Amino acid sequence: MAVCVAVIAKENYPLYIRSSPTENELKFHYMVHTSLDVVDEKISAMGKALVDQRELYLGLLYPTEDHKVYGYVTNSKVKFVMVVDSSNTALRDNEIRS
Amino acid sequence: MDAPEEPQPPVIYTMENKPIVTCAGDQNLFTSIYPTLSQQLPREPMEWRRSYGRAPKMIHLESNFVQFKEELLPKEGNKALLTFPFLHIYWTECCDTEVYKATVKDDLTKWQNILKAHSSVDWLIVVVENDAKKKNKTNILPRTSIVDKIRNDFCNKQSDRCVVLSDPLKDSSRTQESWNAFLTKLRTSLLMSFTKNLGKFEDDMRTLREKRTEPGWSFCDYFMVQEELAFVFEMLQQFEDALVQYDELDALFSQYVVNFGAGDGANWLTFFCEPVRSWNGLILRKPIDMEKRALIQRQEATLLDLRSYLFSRQCTLLLFLQRPWEVAQRALELLHSCVQELKLLEVSVPPGALDCWVFLSCLEVLQRIEGCCDRAQIDSNVAHTVGLWSYATEKLKSLGYLCGLVSEEGPNSEDLNRIVDLLAGLGAERPETANTAQSPYKKLKEALSSVEAFEKHYLDLSHAAIEMHTSVGRTRSARLVGKDLAEFYMRKKSPQKAEIYLQGALKSYLAEGWALPITHTRKQLAECQKHLGQTENYLQTSSLLASDHHLTEEERKHFCQEILSFASRQTDGTGQKIVLPLHCFAHLRDLHFTPSNAVVHVGGVLSVDITLCSQMPIPVRVEQIAINVHFSIEKNNYRKTAEWLTKHKTANGVITFPAETSPLPAAQNNLPALELYEMFERSPSDHSLNTTGIICKNVHMLLRRQESSTSLETPSGVALEDGAHVLKCSDVTLEPGPNRITFRTQAKEPGTYTLRQLCASVGPVWFVLPHLYPLVQYDVYSQEPQLHVAPLADGLLAGIPQKVKFTVTTGHYTVKNGDSLQLSNAEAMLILCHAENRAVIYSNTREKASDVLLRVQSSDRVTSVSLPAAPAYHMIEFELEVLSLPSAPVTGGESSTLGTTEPHRKHKDTHRAGHCMATTDHKVSIDCPWSIYSTVIALTFSVPFRTTHSLLSAGTRKYIQVCVQNLSELDFQLSDGDLVDHGCSADLQLVPLNAKCPQAIHSKQSVFFVWELLWAREPPPSLRCCFSVGFSPASEGQLSVPLKPYTYEFQVENFFTLYNVKAEILPPSGTEHCRTGSLCSLEVSITRLSDLLEVDKDEALTETDEYFSTKLMYEVVDNSSNWAVCGKSSGVISMPVAAQATHRVHMEVMPLFAGYLPLPDVRLFKYLPHHSAHSSQLDADSWIESDSLSLDKHLDDLPPGQVFNSSAGTQILVIPSKDDHVLEVSVT
């Protein structure tokens, strides 16, 4: 399952962030924070598209060697970011969405 | 080009691969046609309909035409597709039947047999016609005959297998037509062959794939098969389809690896689990890496080999498809997944090997992409490549750390061994890149060769990555790379270079409020600043860290200790002050004033309690905590009003400061809401409205520069104010958590004091809170001493002792021992001195300070009250009993000036509308010790009683009645009622008819006293009486002072009865009773009872020859309308002034009602002559015109005592008349 889950406010400060191996919390904080770059990128790219047909699921944001970061953004620009261990091959990209 | 004669190598792996078409028959003929053919064939596209519902495609066909050889035909089981001849063509120019029969037919048969033996059905026979040849030979058959023969002999039911090409080398329309037909045929045949053969191949391939669960199945074998298909598609320029083949292989392999991880291992996979020995990275510069392909074919490839080869093929195809950015994206995925797969398969990899592989691969991909794109394209697609750049940077970094290249000392021997091992794994540089100066191989080798080279390469890469991230707006990623760079610099002992990156990263984390990264970066920054010797910054960062809850207790203590040890090192005082913001050290939670309204008098003590929440993990001894106070003299005293105080000060005097929002940037975007208040300013004198408006209370918050909230790290913003007024608290130990600190100050100058800065100093380190918000102020005021005197009860009653409260507000005056109040005595008011008078001293806040005995000394003129000593701004309260005399003593002729008595009835009536008590004001002049002027105090006493008197007559006997009415709320006891005549008539006696015992008179009740007047000789014309009665409050038992009796003076005049009036009504003669409606006679007899008296001597008296008479007017009035007076109701008579002289008057009256009727009133007036003094006041004209008026004006009332109506109160029975048969009944 996900190793880190974060809820991030519209202004990009963390509302909630919890990682399951707590000893490496800092790393996940950095990772989630950095992934906001891609979130911003995707949101601004979507902004040009039709707003009502906007896809809220942002998909894979930011793959790293060990983790995959997925994102979801609400209409109020609250972001949900999930970090999954890459070795967790049981999870497919399209399964994350559901 | 491929010459048809030359035997082709069996496999051609070049991009020049084309489908093979064999040529049999006349080689010379083909050679002549070949140039045209190879040129014409790809000119027109052909639609290729595909099996399995795949979309049809238009393709341009090209072919390799090779000479037919039997060896070219695939043997059974040969899966090679590239070498597969898709079409076999037999060329002939024969037009001669003989020749045909002799040679061509045999040749064709042999060819056909070979094809049949290999079950190859894709063939074509081309007959080339040549007009020139025809002409040369005479015995030729018609052209068609040869074709027909061939068709007949070979093309069994497939006549279209034989095609005629006419005059191929001529330039005529016929030739063109013939060519077109031939080419179409050729293309169709080729495509048919493709469809058939590829379909068969695919079927075979699928069958092979289905066998993958069988034990002997080999992925490598299958790989080669499917790749064959990919090659063909590539050969047909169907790169998309070719890519699909590789993607399928990729997915299949990935799935195997995943399944292996899940425990479902395939045998063939174990080979891929061999330890990695070579890590020379991806090779993308060749279309096909034959070396690696051979490894796969030989089943000797490692996982990295397979992946490298697969990706190189995918990369090639993607580049053909003009999708270089997908290469970058796929490369990143590949590199990540390779690392994962190696982990999953538990392949042993030497440390650093993968880093090398990834680094080389990243650079290889980037260089490959750069090789096929121009600069502008690359620049606009940085977003796709930046991931690879930072991945490479990351890998180089970890290699550097691994190999000891990131240190001051450089690599040790162990590190060097590792470097050697890693370089060995790279092998020799490939020939493709050997000439490239910046090849990935060379870069890595160089980077690992020395500390300096590593630094150069690492910095290059880092800077490139940062720049790229920044250019695509990925600032956070750029910060992260920057932070790595900072770490690198720190390792290299170059903190000055690291600082900027750390500050940048910290700023960005602060801006978005990421607590853990903030803490971590700050920690790094602290170390950096420490190395740089930035004392102030270091201390500030330390204090922030010491208060950071994300750190462990140990770490926090460490940073706290850092500050403390710095502070203790600098105690000599020579060092400069270091000013740091307070918020990182402690948080001011609330502030509380005592007194709570924060208003204090001059000299008073004000204490300010603050709650300071220390954020330090350990107790900190603070040498001094000071609050800077700004003093201002407020001109308007509006601020001192109760309204202002209640509005602006919290009820309990606690001002709470908002919690620090610094760790979260939420406040940055959420500006505080507007705090608007209506403001009314009224003039203090008449409370009329001066100005109104709306004030925004938090303007300074709203209009604050936004950047200031982000510049938390810059200490320059803290300016130390140098105020003259400072509240100080020395040597305080702040425990972690809330600390209560009390400042005490003595108020000096009156005015408003604003608390501005809070400053805590630990040695030379000063923690300063630059602004206290919300605004905190206290006021100091100065007050003049005041004396206030007020009755204790609602009102003071005269006559009985009453308590009056004296309040001395000392203000700024200190009451010394011996100070006294000098009360000048009012005559009618006594100040009763008791031995046990007590005074209470209160502090300004109404707290009882002490209770002392009060000394009151009275002399006849002055009463002196010795005040107890009391400090300034206190209150002395005491009570004194005063007694206002109820009425003035008899002797006091001037007593009326005090208004205690009611000498006249008229006077009383006008002033006593309602039941108000008469009041007396006593003015007391008091000399206060603090002033040279006397204070005049007016005390108003109310007289509890109202007294009236009346004269009563019974014939000539006279009585005086005194009515005492109690108007107060109290009950009294009346005793010893006494009436004294002050006149000189000695023979007059006042005989009391009253009870001797005391009488209670309750509130709002009256008591009557009656005396009979007795006299022996002629009575005096007037009496001056004085009524006095003793009284005391009924409720109180014993009074401390004897009370003066209540007195009432009045005068009675002309009380002696002169005339007796008697009226009598007689029924008509012959009747017994009066009847209604019938006339009765009214007899009035007026009798004089005395001879001439002194009182008669007035204008009405006339004297004729010693005979005195006076003119009287009588009048019969019936106010109750019982009687109708018939005829004259009034008349003037001349009454002889002699005893028993009687005058009778007869009148007719008629009763109007039946029953006992009172007799009509008979009034008697003194009739004054015309020349009286009164008449002279009248106007002559009005006199003539208005007779009745003149009549009235010449009448004078006889004093009530002088006329006695002896028939008053008598009634006469009137019966209804007999004929009065109408009975009025009124029902209401």
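Order of the sequence lines sets the chain letters (A, B, ...), proteins ahead of strands, with each chain counted from 1. For clarity, every value in this text was computed on a predicted model and none was experimentally measured.
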Looking at every non-hydrogen atom in both residues, tell me the closest pair between B:Q340 and A:E65 and how far apart they are. NE2-O, 2.7 Å

Derivation of the side chain to side chain contact (heavy atoms under 4.5 Å, CB included) call for A:V38 and B:R474: CA-CA 7 Å; A:V38 189; B:R474 295 190 177 181; 4.2 Å; yes

About how many Å separate OG1 of B:T475 and CG of A:D40, when rounded to the nearest 0.5 Å? 7.5 Å

Minimum heavy-atom distance A:L26-B:L516, with the two atoms named: CD1-O, 3.6 Å

Residues of residues 346-354 of chain B with a heavy atom under 4.5 Å from any heavy atom of chain A, in residue-number order, are none

What are the two closest non-hydrogen atoms of B:W514 and A:N12, and how far apart are they? NE1-O, 2.7 Å

Could you list which of residues 387-402 of chain B have a heavy atom closer than 4.5 Å to any heavy atom of chain A, in residue-number order? B:Y391, B:K395

Most heavy-atom pairs under 4.5 angstrom with chain A, which of B:H520, B:K483, B:K343? B:H520

Might you point out which heavy atoms bring A:Y13 and B:E512 nearest each other, and give the distance in Å? CB-O, 2.6 Å

Run B:H336 and A:D66 through side chain to side chain contact (heavy atoms under 4.5 Å, CB included) and show every step you take. CA-CA 8 Å; B:H336 288 149; A:D66 305 313; over 6 Å; no

Tell me, do A:H33 and B:S508 make a side-chain contact under 4.5 Å, heavy atoms counted? yes

If I measure from the heavy atoms of chain A, does B:S337 come under 4.5 Å with its side chain, its backbone, both, or neither? neither

